Q: 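Once you've had a glance at the structure underneath, I'll fire off some questions.
Counting convention: from 1, in listed order, for ligands and their atoms alike. Small disclaimer: the values here were computed from a predicted structure and weren't measured. Note that the numbering runs from 1 along the sequence shown for the chain.
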Amino acid sequence: ANIILLGPPGAGKGTQAKRLEETRGMVQLSTGDMLKDAIARGTELGRRVEGIMARGELVTDEIVIGLIEDRMKGGARGGFIFDGFPRTLKQADALAGLMTRMGSTLDRVIEMQVDDAALVARITGRFTCGNCGAVYHDVTRPTKVAGVCDVCGSTDLKRRADDNEDTLKTRLMEYYKKTSPLIGYYYAKGQLSAVDGLAEVDAVADAIASVLDKS
Ligand code: AP5
Ligand code: ZN
C-alpha cells in the first residue's frame, strides 16, 4: 500500500514510519530527512535550504517534488510511506500526477491527531540516532543505556537544530496555513482516516495497522 502520514511537527510521523518499515516492509520517504541529509553532506541543495529550515519555514514545492520523484523511480514492493510530504496543495496535486504516471495508487492518508501543547513537550524532548535514524524522547522513549542507540549501538545521538520552542512556533504556523488544508482535500477524495496520535506509540501503531488492514 502507498500511504501518507499527515500531521503537525512532532505528531509522530517519523516514529510510525520507521515502525511500518520494520513490520510491513514499506519504504519511508521523508522529505525532511532528505533535506537534512543534503545539509549534512554540504551539497548545493543543502546550502540553499539550510537557512529556511533553521527558521522553520517550508522550502519550495519544486525542491521537494523533485526529491520525491527521484526516490519513487525505483518503486517499493511493500509500498511507500510519505512522511512530511505533501505539505501544500500543489505538492498533493504533484503526487497524484506522479502516482498516475507510475500506474500506482495512493491508498490511504492517515491523519495523526494531536494537540499543540503535546507537540512542544514532544519536540523539546526529542533526540535521534545519527547513524540509523532511530527516534527517541527524554521522557517517553529513552534509550535503554544512556547515550547508546538501542537499535545499532551508536553513541552518535543528536538533537535537531530546529527543535526549539521559537522555531516550533513558525513550523506550527506553516502547518496550519499551508498543510492543514490537505485534511479537507483528502477527506473530499474519500482517502482520509484519522488516528489518535496522543496515544502510546504501540497503540498508535495498532490503530494505523487496523486502518491499513481494512483498506
Ligand atoms: P520534517 O523533518 O518533516 O519535520 P516535521 O514535519 O516538523 O516533523 P517532525 O520530524 O518534527 O515530527 P514527526 O511527526 O516525525 O515526529 P516524531 O516521530 O519525530 O521537516 C523539517 C523541515 O524540512 C520543515 O520545517 C521544512 O523546512 C522542510 N520540509 C520537509 N518536508 C517539506 C515539504 N514537503 N515541503 C516543504 N518543506 C519541507 O516524534 C516527535 C517526538 O515525540 C519524538 O521524540 C518521539 O520519540 C516522540 N513520540 C512520537 N510518538 C509518540 C507517542 N505516541 N507518545 C509519546 N511520544 C511520542
Ligand atoms: Zn542507531
Q: If you measure from CD1 on Ile123 to CZ on Arg171, what distance do you get to the nearest 0.5 Å?
A: 4.0 Å
Q: Output yes when the distance from some N or O of ligand 1 to some N or O of Leu35 is under 3.5 Å, and no in every other case.
A: no
Q: Looking only at N/O atoms, are Gly14 and ligand 1 under 3.5 Å apart anywhere?
A: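 Indeed, backbone or side chain, Gly14 has an N or O that close.
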Q: Does Arg171, backbone or side chain, put an N or O under 3.5 Å from an N or O of ligand 1?
A: yes
Q: Supply the atom-to-atom distance Asp162 CG to Met53 CE, rounded to the nearest 0.5 angstrom.
A: 6.0 Å
Q: Regarding Ser193 and Arg108, is there a side-chain donor-to-acceptor distance under 3.5 Å anywhere?
A: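 A pair is found: one side chain offers a donor N or O, the other an acceptor, under 3.5 Å apart.
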Q: Have a look at Phe85, Tyr136, Phe82 and point out the one with the heavy atom closest to atom 46 (O) of ligand 1.
A: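 Comparing heavy atoms across Phe85, Tyr136, Phe82, the nearest one to atom 46 (O) of ligand 1 lies in Tyr136.
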Q: Among Glu50, Arg19, Lys18, Arg122, which one puts a heavy atom closest to atom 41 (C) of ligand 1?
A: Arg122
Q: Can you find an N/O atom of Ala11 closer than 3.5 Å to an N/O atom of ligand 1?
A: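 N/O-N/O distance below 3.5 Å exists for this pair.
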Q: Check the side chains of Asp83 and Gln28 for a donor-acceptor pair under 3.5 angstrom, ignoring hydrogens and angles.
A: yes
Q: What do we get for Ser30 next to ligand 1 when only non-hydrogen atoms under 4.0 Å count, side chain, backbone, both or neither?
A: neither
Q: Is the closest N or O pair between Leu198 and ligand 1 shorter than 3.5 Å?
A: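 No; every N/O pair is 3.5 Å or more apart.
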Q: Checking a contact table here: which protein heavy atom is nearest atom 53 (N) of ligand 1, and how many Å away?
A: Ala199 O, 2.8 Å
Q: What I want to know is whether Arg141 and ligand 1 share at least one N or O pair that is separated by under 3.5 angstrom.
A: no
Q: I'd like the name of whichever of His137, Met34, Lys13, Arg87 reaches closest to atom 24 (C) of ligand 1 through any heavy atom.
A: Arg87
Q: Considering distance alone, does some N or O of Gly12 sit under 3.5 Å from an N or O of ligand 1?
A: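 Indeed, backbone or side chain, Gly12 has an N or O that close.
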Q: So between Leu168, Val135, Asp163, whose heavy atom ends up nearest atom 43 (C) of ligand 1?
A: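 It is Val135 that holds the nearest heavy atom.
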Q: Taking 4.0 angstrom as the limit and counting only heavy atoms of Lys36, give me the atoms of ligand 1 inside it, by number and element.
A: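 With Lys36 as reference, the close atoms of ligand 1 come out as 2 (O).
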Q: With rounding to the nearest 0.5 angstrom, report the OG1 to CD distance, Thr105 to Gln191.
A: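 It is 9.0 Å, given to the nearest 0.5 Å.
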Q: Quick one: does Val201 get within less than 4.0 Å of ligand 1, heavy atoms only?
A: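 Flag set, Val201 near ligand 1.
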Q: For ligand 1, indicate whether the residue Thr140 contacts it via side chain, backbone, both or neither (heavy-atom separation under 4.0 Å).
A: side chain
Q: Examine ligand 1 and decide if any of its atoms is less than 4.0 Å from a heavy atom belonging to Ala203.
A: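 Heavy atoms of Ala203 never come under 4.0 Å of ligand 1.
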Q: Consider ligand 1: state whether an atom of it lies below 4.0 angstrom from any non-hydrogen atom of Gly7.
A: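 The answer is no, since Gly7 has no heavy atom less than 4.0 Å from ligand 1.
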Q: With rounding to the nearest 0.5 angstrom, report the OG1 to CD distance, Thr43 to Glu50.
A: 10.0 Å
Q: For side chain to side chain contact (heavy atoms under 4.5 Å, CB included), just list the numbers for Val148 and Thr143, CA-CA rounded to whole Å, side-chain angles, deciding distance to a tenth of an Å, and then say yes or no.
A: CA-CA 7 Å; Val148 182; Thr143 52; 5.8 Å; no
Q: Can a side-chain donor-acceptor contact be found between Thr167 and Asn164 if the only test is distance below 3.5 angstrom?
A: yes
Q: May I ask you to decide whether Arg19 forms a salt bridge with Asp202, counting only side-chain N to carboxylate O separations under 4.0 Å?
A: yes
Q: Calculate, to the nearest 0.5 Å, the distance between atoms NZ and CG belonging to Lys158 and Asn131 respectively.
A: 9.5 Å
Q: If you measure every N or O of Leu58 against every N or O of ligand 1, does any of those distances drop under 3.5 Å?
A: no
Q: If you have a sec, work out which protein heavy atom is nearest atom 49 (C) of ligand 1 and how many Å separate them, to one decimal?
A: Thr15 OG1, 3.5 Å
Q: Who's the nearest protein heavy-atom neighbour of atom 19 (O) of ligand 1, and how far?
A: Arg126 NH1, 2.6 Å
Q: Looking only at side-chain N and O atoms, does Asp116 offer a donor or acceptor that is under 3.5 Å from a partner on Tyr175?
A: no
Q: Just do the side chain to side chain contact (heavy atoms under 4.5 Å, CB included) check on Val204 and Met112 with the steps written out, would you?
A: CA-CA 9 Å; Val204 178; Met112 305 188 57; 3.9 Å; yes
Q: Check ligand 1 against Gln91 and write out every atom of the ligand that is under 4.0 Å from a heavy-atom position of the residue.
A: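 By the 4.0 Å cutoff, the relevant atoms are 33 (C), 34 (N), 35 (N), 36 (C).
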Q: Compute the minimum heavy-atom distance from Gln16 to ligand 1 and say whether it is under 4.0 Å.
A: no
Q: Mind checking the CG-CD spacing from Leu98 to Glu69? Nearest 0.5 Å is all I need.
A: 5.0 Å
Q: Looking at Asp93 and Lys90, is there a salt bridge between them, counting it only when a charged N and a carboxylate O are closer than 4.0 Å?
A: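 Judged by the 4.0 Å cut-off on N to carboxylate O distance, Lys90 and Asp93 do not form a salt bridge.
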Q: Can you tell which part of Glu200 has a heavy atom less than 4.0 Å from ligand 1: side chain, backbone, both or neither?
A: backbone
Q: With nothing but distance in play, are any N or O atoms of Ile123 less than 3.5 Å from an N or O of ligand 1?
A: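 In this structure, Ile123 places no N or O atom under 3.5 Å from an N or O of ligand 1.
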Q: At a non-hydrogen distance cut-off of under 4.0 Å, which region of Glu57 contacts ligand 1 (side chain, backbone, both, or neither)?
A: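 Backbone only; the side chain of Glu57 stays clear of ligand 1.
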